[in-house]
J.: 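One structure follows; several queries about it will come next.
Per chain, numbering begins at 1; letters A, B, ... match sequence-line order.
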2 protein chains.
Amino acid sequence: MLGPMIEARHLRVLRAVARTGSYSAAARQLGCTQPAVSQQMKALELSAGTPLLVRTGRETRLTEAGEALVRHAAGILAGLTAAEEEVAALAGLRAGRVRIVSFPSGSSTLVPTAVAAMRNDHPGTRVSLVEGEPPGSVEMLRAGDCEIALAFRYAPSPEWDDLVVRPLLTDRLVGLVPGTHRFAGEPVVGIGTLAEEPWIAGCPRCRGHLVDVCERAGFTPRVDFATDDYPAVVGLVGAGLGVAVLPELAVRSVRTHGVATVRLEPDVRREVVALTLPDLARVPVVGGMLDRLEAAAG
Amino acid sequence: MLGPMIEARHLRVLRAVARTGSYSAAARQLGCTQPAVSQQMKALELSAGTPLLVRTGRETRLTEAGEALVRHAAGILAGLTAAEEEVAALAGLRAGRVRIVSFPSGSSTLVPTAVAAMRNDHPGTRVSLVEGEPPGSVEMLRAGDCEIALAFRYAPSPEWDDLVVRPLLTDRLVGLVPGTHRFAGEPVVGIGTLAEEPWIAGCPRCRGHLVDVCERAGFTPRVDFATDDYPAVVGLVGAGLGVAVLPELAVRSVRTHGVATVRLEPDVRREVVALTLPDLARVPVVGGMLDRLEAAAG
DNA sequence: GGTTCCCTCCAAGCCCGCCTTATGCTCGGC
DNA sequence: GCCGAGCATAAGGCGGGCTTGGAGGGAACC
């Protein structure tokens with residue numbers, strides 16, 4: 001910076017002096033000593049290039065320049081105070097907006113609970129929600145189109161290494177078979193025993209993982225239907241058109257008429273996580289939302 | 001003040017970062033090094049209680065709090081710049097007002113010349129003038145009703161010890177006698193030789209001083225007329241109604257029909273000075289006016 | 001007129017904050 | 001895989017601000 005600039009502190013001191021009419025009184029009001037005020041005013045007058053106040057006897061009056069500065073100081077300090085208050089509101093969770101992108105079944109259970117808690121605890125905050133899955137949701141996160149992305153993973157995900165990954169819950173995959181199926185009622189079903197069944201797959205990522213699991217069990221599933229609409233999957237299974245593997249969380253929110261759920265062997269789990277950027281995790285409204293998502297999952 | 005307050009410097013840095021999108025570019029724009037910007041932003045985020053910008057890859061974006069601060073910063077920094085400009089205008093004599101109180105005969109000669117010079121050199125400045133004499137004019141000075149008081153004195157004036165006394169010129173007192181008087185045409189007249197003349201006195205202060213001078217010369221003048229209107233004094237002398245003693249400067253601006261001016265013995269002088277307060281003398285427009293008054297007197 | 005109190009300035013010292021240089025790290029781009 | 005740019009961090013130097021202590025001056029009060 002070339003040349004000394006006027007700082008807000010100077011204006012605060014000047015205003016206090018102008019109000020109280022005395023250096024000592026201004027110092028008391030500002031909570032410092034009188035020489036401090038004296039030095040501030042000297043520095044301000046030096047940078048102004050002209051005296052700002054004249055003292056005759058015990059009375060202090062402003063010069064033209066002093067009056068000009070005090071006049072401007074009112075607006076400047078008011079703006080500064082408004083800025084501080086707005087930031088304090090954001091920091092104190094009395095305001096703020098957080099945008100969440102969630103995968104479909106997560107938004108139907110986890111998110112509503114967390115949003116309700118957030119709204120209850122901090123009514124000034126606003127939460128918006130859209131549905132989306134990785135990698136699109138992560139792209140939105142990186143592009144600044146949302147602050148939190150809810151996602152799930154079946155395995156470690158190195159592509160999220162630069163993100164904050166907050167684990168929310170782990171979701172066991174369960175098998176769905178028609179109620180009349182020979183495995184209905186079995187406590188545990190080996191996945192290999194379903195090798196010859198017709199399959200109904202979920203979303204593309206789930207379908208990819210399903211194929212992986214089946215191939216590790218020694219067969220390639222024959223997928224007759226694929227849809228990311230969980231009730232549709234359940235309906236298709238209930239109609240006897242095949243078997244399916246779905247997250248327990250997804251099944252729980254669907255009425256399962258004529259469908260039996262069975263535990264699978266081997267045990268397959270998916271991890272539901274909240275993703276955000278490291279910097280964003282430190283933003284109060286984002287951190288608060290993450291905490292409440294975690295609480296809603298617990 | 002408890003707690004760190006937001007300072008204008010912080011907002012300048014934040015705005016530069018927001019504009020350039022990079023700490024390094026902001027540092028170049030601000031004319032400092034990159035770690036300086038880094039520290040400023042860290043301090044600002046600390047006092048804000050929330051991150052102000054998020055960096056994903058090489059792109060930096062503002063958070064809500066950052067946007068709020070930048071939004072306020074526009075107005076605050078604009079106000080600050082306006083204040084600085086206004087003060088700079090006052091300091092650079094592109095603006096400013098100076099109020100002068102002058103004794104009557106000074107305002108008719110000295111002041112117009114000085115005001116014309118001031119207006120010519122610094123058209124943005126404004127000069128106002130009212131007539132008044134000590135002690136009233138000095139009282140106005142101390143009360144803040146004017147910045148410069150023009151006055152004269154016949155002797156040292158300890159009551160002005162706390163003021164800035166700028167000598168402008170010294171004015172010899174001359175005797176005025178009717179053109180038909182026996183002393184008309186004399187090069188020098190001893191004041192004692194006028195002991196028996198009828199006197200015509202000027203303003204009260206001048207009259208007081210006249211009595212002092214005469215008493216030192218051994219007589220008490222018989223004052224038939226007293227008026228602070230110099231043309232009237234000259235007129236009375238010209239009509240043969242008495243003799244008078246007037247400042248040369250006052251006589252010079254009056255047409256002197258039928259009046260002879262004579263040098264007095266002893267030589268009596270009055271000093272014309274400009275008075276102001278020590279603080280005010282440092283105000284550019286006041287100092288400039290004092291300089292031009294001095295120049296006009298020289 | 002003397003005394004007293006308050007305000008202000010001045011000098012010295014301390015401390016904190018800012019800026020700088022130097023270094024290591026990460027991330028994109030070639 | 002290499003290179004350049006940008007950012008963070010640590011240490012050092014430096015200036016500025018605040019404080020304490022003291023002296024001077026003015027006004028009010030006795």
J.: Closest heavy-atom contact between B:L163 and B:V138?
T.: CD1-CG1, 3.9 Å
J.: Restricting to nitrogen or oxygen on both sides, can you table the protein-nucleotides 5-7 of chain D pairs closer than 3.5 Å?
T.:
{"from": "D:dC7", "atom 1": "OP1", "to": "B:Y23", "atom 2": "N", "distance (Å)": "2.8"}
{"from": "D:dC7", "atom 1": "OP2", "to": "B:S22", "atom 2": "OG", "distance (Å)": "3.4"}
{"from": "D:dC7", "atom 1": "OP2", "to": "B:Y23", "atom 2": "N", "distance (Å)": "3.1"}
{"from": "D:dC7", "atom 1": "OP2", "to": "B:S24", "atom 2": "N", "distance (Å)": "2.6"}
{"from": "D:dC7", "atom 1": "OP2", "to": "B:S24", "atom 2": "OG", "distance (Å)": "2.7"}
{"from": "D:dC7", "atom 1": "O3'", "to": "B:R55", "atom 2": "NH2", "distance (Å)": "3.3"}

J.: Protein within reach of the bases, or only the backbone? For nucleotides 12-18 of chain D, mark each nucleotide 5' to 3' as B, S or -, using heavy atoms under 4.0 Å.
T.: -----SB
J.: Please report the shortest heavy-atom distance between A:L80 and B:I6, naming the atom on each side.
T.: CD2-O, 3.6 Å
J.: Please check if atom CD in A:E139 has more than 12 non-hydrogen atoms from other residues, nucleotides or ligands closer than 6.0 Å.
T.: no
J.: Taking any atom closer than 4.0 angstrom to a non-hydrogen atom of chain A, what span of DNA chain C does the protein reach, first nucleotide to last?
T.: C:dC7 to C:dC10
J.: Check whether any side-chain heavy atom of B:L141 lies under 4.5 Å from a side-chain heavy atom of B:V101, and answer yes or no.
T.: no
J.: Taking side chain as C-beta onward, heavy atoms only, is A:F152 less than 4.5 Å from A:D171?
T.: no
J.: Take atom CZ of A:R166 as the centre, draw a 6.0 Å sphere, and report whether it contains more than 12 heavy atoms from other residues, nucleotides or ligands.
T.: yes
J.: Which heavy atom of B:T60 sits nearest a heavy atom of B:G21, and at what distance?
T.: OG1-O, 3.1 Å
J.: In terms of heavy-atom contacts, does CZ of A:R99 have more than 12 from other residues, nucleotides or ligands at under 6.0 Å?
T.: yes
J.: In this structure, are over 12 heavy atoms from other groups packed under 6.0 Å from B:R61 atom CZ?
T.: yes
J.: Given side chains that start at C-beta, do those of B:M5 and A:R12 come closer than 4.5 Å, heavy atoms only?
T.: yes
